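What you see is a predicted model, and the numbers here were worked out from it, not measured in a lab. Proteins get letters first, then strands, A, B, ... in listed order; numbering begins at 1 in each.
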Protein chains: 2
Amino acid sequence: MTVTLADVAARARVSPATVSRVLNGNYPVAASTRERVLRAVDDLDYVLNGPASALAAATSDLVGILVNDIADPFFGIMAGAAQTEIGGPGDGSGRAGGEKLAIVCNTGGSPERELTYLTLLQRQRAAAVVLTGGAVEDPAHQAAMSAKLTKLADAGTRVVLCGRPPLPDSEAVVAALAFDNRGGGRRLTEHLLSLGHRRIGYVAGPLERTTTRHRLEGHRDAMRAAGLAGDEERLTVHGPYDRRSGYDATHELLRREPEVTAVVAANDTVALGASAAIRDRGLRIPEDISVAGFDDLPFSVDAVPALTTVRLPLFEAGARAGRLAMGKEKPPPGGIATIAAELMVRGSTAPPRVG
Amino acid sequence: MTVTLADVAARARVSPATVSRVLNGNYPVAASTRERVLRAVDDLDYVLNGPASALAAATSDLVGILVNDIADPFFGIMAGAAQTEIGGPGDGSGRAGGEKLAIVCNTGGSPERELTYLTLLQRQRAAAVVLTGGAVEDPAHQAAMSAKLTKLADAGTRVVLCGRPPLPDSEAVVAALAFDNRGGGRRLTEHLLSLGHRRIGYVAGPLERTTTRHRLEGHRDAMRAAGLAGDEERLTVHGPYDRRSGYDATHELLRREPEVTAVVAANDTVALGASAAIRDRGLRIPEDISVAGFDDLPFSVDAVPALTTVRLPLFEAGARAGRLAMGKEKPPPGGIATIAAELMVRGSTAPPRVG
DNA sequence: CTGTTAGCGCCTTCAG
DNA sequence: CTGAAGGCGCTAACAG
């Protein structure tokens, strides 16, 4: 029925072990023998049995990339970049060579699904796992994650964090690439303050996520430094990282405080929704209200007016995470690297109206 | 070292066979026995060995989802939707149950990588494969794809096409969900014609892709029906499906023909770039030039002015593909379904200036 | 450089 | 309902 390695061996008149060796290419085989085997493989249209191979070798060529929301380019860009480093270029023959199979798993931001996927990857004896994006801060979940990642690491799976803060005290992780969300958030708000804004609304991401907290903390640090503490709670509205949330939260914000002169959004997608809400109220950007985002996704520069935001080098970070997962790059000192966030000032922010 | 099924059996004082049966749940086991086994599993923190299981059972719980560009929400939305149907909700314990592992593979639009991923999936004995988005029209590649998909199907892998036209003559495919790209393209251009536009530029996608061709054919059908044939080549510029391409191609288009009053883009992302180019030339949308896109991605409604486009039910299509891949839904008659594309008229299109 | 020999960990008949 | 036994297809020592 299905052709096996033994069939190939028979046809090439060699032993199964030899066939295995030429297929894996990690052992010397005479050129003529290799030739013969390869021809047999082609003749028989043989395809390696992944599970059998993984079982015998006790490793597999799967690399998992976990993302919170695959429909969000924030994750898509990182995952795609990681995949280019992991997947190899292919040999143009459609025959799979020694490359790894980079697979993207969409957790939808759910802690349960995150753990489930890790278990599934553990089952598959994944060669590496890349966790992207912010983490949920629930202590129970964090403990479960630590435990799970430790087990994965013990089983030989390389664990890399990308755009996620390092775990409290885990030796399991090869490397953690953390974005400077706090610094970026701070500089963004400082920019608004320097323009003269004082009443700044904040449309935050979902509660209990590190990304949300860090960006918000950066914002509040800046506010506090400017002597504007005290009104934080009232001027902050939380919601998911999507367009709709930005829209709704901004309406809520302007209801609570119509005198807001600037709105900082949790990310660019939310900023888009916020902008729509502001316009629906008949207000202009940036003349009446300034708007700022975070991430600098590709569409942000094309918004009208172009969106002031904080640029995160998503592609570069994803690619680096991919290389780390493949062991192609040396981990940073201490296993932790902070990735800079750059303020991008564009047309959506301007000084507040006088009066 | 690693705990195996036999360890669990020993601890639960049953045979390995019994443990296997409770784990797979597809065979009657006494409640008390099951209880004991489950407890042993928890005590020992046992994780099933996927490869061993797949080898013995000759099947696996992997489902592959192939996308052309994971950073593009067009694919992200479909893939995410498919994954919700495939991955199951999890049981909240982080312990993986009977669900499938939905994995997204990013081909980058490369035919070679597409075939490579299919081979990798074939190796893993994937339970199903979902191919999303347009196909490359190169005959050699199409033949190779047909052959590969047939082999996958023969090995028991369910193949589903989502947003991709059915293969010429393949019995391999369970179901093909094709978008009505041609009809959508035609109606979009008819809309522009009805507004009074006559000189319409077209920023097309990459050559040799079904999506590109069908949308362009719809456009040209409409032009021809209006007696406006003849100038197609000059008013069409091809490029990748990205923002940059839309920007560059639109500049090129306006260089070739400054009298263009409307630009139709291959998709919404391209339309964003086209809009930026138009503005950079000091022209207004829609007063000087109308712009239209395709897909109706989430950001399109927030563009300024809001983008006229053709809505594709990406989430619904992806979810349906996921269900078909799981065998949860009956395939459409003949295995082929055409998914309607709906014209969304918004602010970016208006009658051309008079004179 | 190549063949031989044992498993890898699990599922699945087949008996009981 | 449960146990025993064989093998899924491949790899990894060992010999030669």
Side-chain angles (χ1 to χ4, degrees), chain A residues 1-38 40-41 44-62 96 98 120 122-127 155-156, chain B residues 1-38 40-41 44-62 96 98 119-120 122-125 127 155-156:
Chain A
M1 180 61 201
T2 80
V3 23
T4 76
L5 197 156
D7 299 330
V8 176
R11 189 171 225 279
R13 321 188 118 270
V14 295
S15 74
T18 299
V19 177
S20 171
R21 292 197 264 254
V22 345
L23 256 30
N24 291 305
N26 46 13
Y27 213 84
V29 174
S32 63
T33 311
R34 171 199 314 288
E35 194 83 3
R36 208 140 35 89
V37 169
L38 254 20
V41 167
L44 264 35
D45 219 8
Y46 169 70
V47 176
L48 183 71
N49 183 316
S53 166
L55 173 58
T59 62
S60 88
D61 51 8
L62 256 41
L120 253 12
Q122 187 181 7
R123 274 191 188 171
Q124 302 299 331
R125 306 295 188 258
Chain B
M1 180 63 204
T2 80
V3 23
T4 75
L5 197 155
D7 299 329
V8 175
R11 188 170 225 281
R13 319 188 122 272
V14 295
S15 74
T18 300
V19 177
S20 170
R21 292 197 263 253
V22 344
L23 257 30
N24 291 305
N26 46 14
Y27 212 84
V29 174
S32 64
T33 311
R34 170 200 314 287
E35 194 82 3
R36 206 140 35 86
V37 169
L38 254 19
V41 167
L44 264 34
D45 217 11
Y46 168 71
V47 176
L48 183 72
N49 184 316
S53 166
L55 173 57
T59 62
S60 89
D61 51 8
L62 255 42
T119 300
L120 253 14
Q122 187 181 7
R123 275 192 188 171
Q124 303 298 332
R125 306 296 188 255

From the set D:dG3, C:dG9, D:dA12, return the single nucleotide nearest to any side-chain atom of A:Ala57.
D:dA12

Five-pair end axes of the helix from C:dC1-D:dG16 to C:dG16-D:dC1 and the angle they enclose, rounded to 10°
20°

Over how many whole Å does the gap from B:Gln124 atom CD to D:dG9 atom C1' extend?
13 Å

C:dC11, OP1 or OP2 - any side-chain N/O from B:Ser53 closer than 4.0 Å?
yes

Among the nucleotides D:dG7, C:dC1, D:dG3, whichever has the atom closest to the side chain of A:Ala30 is C:dC1

Below 4.0 Å: OP1/OP2 of C:dT2 and any side-chain N or O of A:Thr33:
yes

For atom CZ of A:Arg13 and atom C1' of C:dC1, their distance in whole Å
19 Å

Separation of D:dT2 atom C1' from B:Arg36 atom CZ, nearest Å, is 11 Å

Considering only D:dT11, C:dT2, D:dG9, which nucleotide approaches the side chain of A:Val29 most closely?
C:dT2

If I take atom CG in residue A:Asp61 and atom P in nucleotide D:dT11, what distance separates them, rounded to the nearest angstrom?
11 Å

Value for CG (A:Leu5) from OG1 (A:Thr18), rounded to nearest 0.5 Å, stands at 9.5 Å

For the side chain of B:Ala17, starting at C-beta, report the closest nucleotide among D:dA12, D:dC8, D:dA4.
D:dA4

Between A:Leu23 and B:Thr18, which has a closest nucleotide on DNA chain D that is more 5'?
B:Thr18

Separation of C:dT12 P from B:Asn24 CG (nearest whole Å):
7 Å

Taking any heavy-atom pair under 4.0 Å as a contact, classify A:Val19: base, sugar-phosphate, or nothing.
nothing

Would you say the side chain of A:Leu38 lies within less than 4.5 Å of the side chain of A:Glu35, judging by non-hydrogen atoms?
no

Could you grab the distance from atom CG of A:Leu48 to atom CG of A:Asn24, nearest 0.5 Å is fine?
7.0 Å

Would you kindly give the CZ-to-C1' distance between A:Arg125 and D:dT11, to the nearest whole Å?
16 Å

In whole angstroms, how far is the P atom of D:dT11 from the CG atom of A:Leu5?
6 Å

Nearest-0.5 Å distance that lies between atom CZ in A:Arg123 and atom OG in A:Ser60:
14.0 Å

By the 4.0 Å heavy-atom rule, please label B:Leu55 as base, sugar-phosphate, or nothing.
base

If we check side chain to side chain contact (heavy atoms under 4.5 Å, CB included) with B:Tyr46, which of these qualifies: B:Leu23, B:Val37, B:Asp7?
B:Leu23

Base of C:dG3, side chain of A:Arg21 - is there a donor-acceptor contact under 3.5 Å?
yes

Hey, could you give me the CZ/OG1 distance between B:Arg21 and B:Thr33, rounded to the nearest 0.5 Å?
10.5 Å

Comparing nearest nucleotides in DNA chain D, the 5'-proximal residue of the pair A:Val47, B:Pro16 is B:Pro16

Below 4.0 Å: OP1/OP2 of C:dG3 and any side-chain N or O of A:Ser15:
yes

Backbone N or O of A:Gln122 within a donor-acceptor pair of the A:Arg125 side chain at under 3.5 Å?
yes

When you check the phosphate oxygens OP1 and OP2 of C:dG9, does a side-chain N or O of B:Thr4 lie under 4.0 Å from one of them?
no

Does the D:dG9 base have a donor-acceptor partner in the side chain of B:Arg123 within less than 3.5 Å?
no

Working to the nearest 0.5 Å, report the span between CG of B:Leu55 and CG of A:Asn49.
6.0 Å

